[in-house]
> 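Pasting a structure here, questions to come.
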Amino acid sequence: MDVPRLQRHQKLTGQARKAFIFMAARAYDDDHSVRAIAERCLRSTAFVHTILREGGVVLRKPGSGRRGRDSHPRR
């Protein structure tokens, strides 16, 4: 699974962005961590999170960040 290497501040638009979202989403499906993908493509993890969200990938399962039976979210 090869995530395309980008220059650090290269702007991603249009077709390239779509392709990147597709690649990153596939890599994430293949159990690569967001951090690993970020390192491979020389980008911040925030960028990869954004890309994956754009690709419709759910990064955290619903209810994570809630505690126990009362399911109260952490403050």
Side-chain angles (χ1 to χ4, degrees):
M1 176 66 236
D2 199 39
V3 180
R5 276 193 166 285
L6 302 168
Q7 263 32 67
R8 192 167 280 287
H9 296 298
Q10 192 176 337
K11 189 134 172 57
L12 264 186
T13 49
Q15 211 55 42
R17 192 176 184 87
K18 279 193 194 125
F20 191 85
I21 288 174
F22 178 74
M23 297 293 275
R26 269 233 323 254
Y28 190 75
D29 277 348
D30 296 342
D31 274 348
H32 293 262
S33 70
V34 169
R35 176 169 286 130
I37 296 172
E39 279 166 12
R40 291 283 294 286
C41 67
L42 302 174
R43 283 306 182 100
S44 66
T45 48
F47 172 78
V48 176
H49 275 288
T50 309
I51 285 284
L52 288 174
R53 240 178 254 121
E54 270 185 42
V57 177
V58 179
L59 289 169
R60 293 197 306 148
K61 55 184 182 298
S64 64
R66 292 176 171 277
R67 288 179 303 195
R69 280 182 316 167
D70 63 352
S71 83
H72 196 287
R74 282 202 187 82
R75 282 260 192 293

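This structure is a prediction, so every number in the text was calculated from the model and none was measured.
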> How close do L52 and V34 get, heavy atom to heavy atom, and via which atoms?
CD1-CG2, 4.0 Å
> Which atom names give the shortest non-hydrogen contact between V58 and Y28, and what distance separates them?
O-CE2, 4.4 Å
> Could you state the interatomic distance from CZ (R35) to NE2 (H49), rounded to the nearest 0.5 Å?
9.0 Å
> Locate the shortest heavy-atom distance separating L12 from R17; write the atom from each residue and the value.
O-NH1, 3.1 Å
> Rounded to the nearest 0.5 Å, what separates atom NZ in K18 from atom CD in E54?
11.0 Å
> For F47, give me all partners under ring pair (Phe, Tyr, Trp, His ring centres under 6.0 Å), at least two apart in sequence or on another chain.
F20
> Please report the interatomic distance CD1(I21) to OG1(T50), rounded to the nearest 0.5 Å.
10.0 Å
> Take a 6.0 Å sphere around CG of D31 and say whether it holds more than 12 heavy atoms from other residues, nucleotides or ligands.
no
> Looking only at heavy atoms, which two atoms of C41 and V48 are closest? And how far apart?
SG-CG2, 4.3 Å
